[in-house]
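Contents: one structure, followed by commentary.
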Amino acid sequence: MDSEISYWHQLADLATVWAKEMGKIHLSYFRGNHLDIELKGSINDVVTAADKTSEKYFIEQVSQHCPNHSILGEESGLHSGKSDYCWVVDPLDGTTNFSQGLPIFSVSIGLQYKGETILGIVYAPYLDELYTAIKGEGSLLNGKSIHVSTKKELGPSVLTTGFPCDKDTNPDNNLTEVSRILPQVRGIRRYGSAAYDLCSVAAGFFDGYWEPNLHLWDVCAGILIVQEAGGKAQQYRHDRGISLLAANPDLFKQIEQNLIPSK
């Protein structure tokens, strides 16, 4: 077991380097004229040259350093390997923000071993914020320990959320839930990067987060970072992709009660 944990630390060190290099790729394109924006199925879902270039870099690094590992990437899908390790990567989470010149975007790298997430790294390059977690060892922001908030009631809480890409065609689009929760809390924000939202919950900047119809690459790293920071993160429904709720343990149930899908 000690050798396994040591290996996880080695992988965390590698992934930290990769995340920062991917962040450099982001910044080399950010607010520039060479984004090469394309649509991925709908007007609400875009991809840029920075997404593709940073994922290509990540795949090259894993192939070089961990050639037997599998990779699940947002832009290129599953690359099967021969070991029990699988990297789950969103090379640029918050692409709409990025394409608009807004500074909330991130790299999200999760590592699963036999289907369980054992490593999470999220790097927001414009803010230079690095969130890391290894299973059983707590969560860090730029090397310092973080913990979820300690608020016990919704009233003084500030939450964050997001909306599915098919919000224009599917009425099950989170508007009902927002209108139900908004009057009960101090505020709701919409940052536009699920990975960064989860890390903000882990650090206590937000008291809770929910969003329907996400994908594993959006949340793999962030879920572990929340859990290792003392929070609770799990699906609140199972019929709309990964519909995730994350909060401190005192607020989790209070928020969840407001997320019953409308019929």
Would you say the side chains of [X] and [Y] form a donor-acceptor pair under 3.5 Å?
X	Y	value
Glu129	Tyr131	yes
Thr95	Asp51	yes
Asn248	Thr150	no
Gln112	Thr117	yes
Ser106	Ser193	yes
Tyr29	Thr53	yes
Glu211	Tyr209	yes

Decide if atom [atom1] of [X] counts as having more than 12 heavy atoms of other residues, nucleotides or ligands within a radius under 6.0 Å.
X	atom1	result
Leu39	CG	yes
His34	NE2	no
Lys135	NZ	no
Lys151	NZ	yes
Arg189	CZ	no

Counting N and O atoms only, with roles assigned by atom type, does the side chain of [X] sit under 3.5 Å from a partner on the main chain of [Y], one being a donor and the other an acceptor?
X	Y	value
Ser139	Ala133	no
Glu38	Val47	no
Asn142	Asp128	yes
Glu21	Ser54	no
Arg186	Ser157	no
Asp207	Leu159	no
Ser76	Gly73	no
Asn173	Lys167	yes
Asp218	His215	yes

So do the side chains of [X] and [Y] get within less than 4.5 Å of each other, counting heavy atoms only?
X	Y	result
Pro91	Trp217	no
Tyr196	Val201	no
Gln257	Phe252	no
Val107	Leu92	no
Ser200	Thr160	no
Pro103	Arg31	yes
Ile5	His9	yes
Phe163	Leu175	yes

Mind checking the [atom1]-[atom2] spacing from [X] to [Y]? Nearest 0.5 Å is all I need.
X	Y	atom1	atom2	result
Ile242	Leu214	CD1	CG	7.0 Å
Trp87	Cys220	CH2	SG	10.5 Å
Trp210	Ile255	CH2	CD1	7.5 Å
Thr161	Leu259	OG1	CG	8.0 Å
His69	Cys86	NE2	SG	10.0 Å
Ser243	Glu177	OG	CD	9.0 Å

Check the hydrophobic clustering (I, L, V, M, F, W, Y; side-chain heavy atoms under 4.5 Å; chains of links allowed) and say if [X] and [Y] are grouped together.
X	Y	result
Leu140	Leu198	no
Tyr85	Leu224	no
Leu102	Val122	no

Exercise for the section: Walk me through it: do Leu244 and Tyr236 pass the test side chain to side chain contact (heavy atoms under 4.5 Å, CB included)? Expected result: CA-CA 6 Å; Leu244 188 71; Tyr236 61 89; 5.5 Å; no
Exercise for the section: Could you give me the CA-CA distance, side-chain angles and deciding distance for Arg237 and Asp172, then say whether salt bridge (charged side-chain N to carboxylate O under 4.0 Å, His left out) is met? Expected result: CA-CA 12 Å; Arg237 56 186 292 188; Asp172 185 4; 2.7 Å; yes
Nearest atoms (heavy-atom pairs only) where [X] meets [Y]:
X	Y	answer
Gly162	Asn174	O-ND2, 2.9 Å
Pro164	Arg240	CG-NH2, 3.6 Å
Asp197	Gly192	OD2-N, 4.4 Å
Asp93	Ala195	OD2-N, 2.9 Å
Leu154	Gln254	N-OE1, 3.6 Å
Gln227	Ala233	NE2-O, 3.5 Å

Practice task
Take Leu119 and Trp8 through the test side chain to side chain contact (heavy atoms under 4.5 Å, CB included) and record every step on the way to the result.
Solution key: CA-CA 7 Å; Leu119 169 64; Trp8 293 357; over 6 Å; no
Problem - Worked check of side-chain hydrogen bond (donor to acceptor under 3.5 Å, both in side chains) between Tyr123 and Trp18 - result: CA-CA 10 Å; Tyr123 181 54; Trp18 301 339; over 6 Å; no
Exercise for the section: Could you tell me how the ring of Phe105 sits relative to the ring of Phe30: parallel (under 30°), tilted (30 to 60°) or perpendicular (over 60°)? Expected result: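 Answer is tilted, since the angle falls between 30° and 60°.
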Exercise for the section: Go through Lys152 and Leu251 one step at a time and tell me if the side chain to side chain contact (heavy atoms under 4.5 Å, CB included) criterion holds. Expected result: CA-CA 6 Å; Lys152 298 182 182 299; Leu251 291 178; 5.8 Å; no
Handout entry: Leu111 vs Ile121, side chain to side chain contact (heavy atoms under 4.5 Å, CB included): CA-CA, chis, key distance, verdict
Key = CA-CA 9 Å; Leu111 178 60; Ile121 292 177; over 6 Å; no
Exercise for the section: Go through the steps for Glu74 and Lys52 under the test salt bridge (charged side-chain N to carboxylate O under 4.0 Å, His left out), then give the verdict. Expected result: CA-CA 9 Å; Glu74 178 178 10; Lys52 295 178 181 179; over 6 Å; no
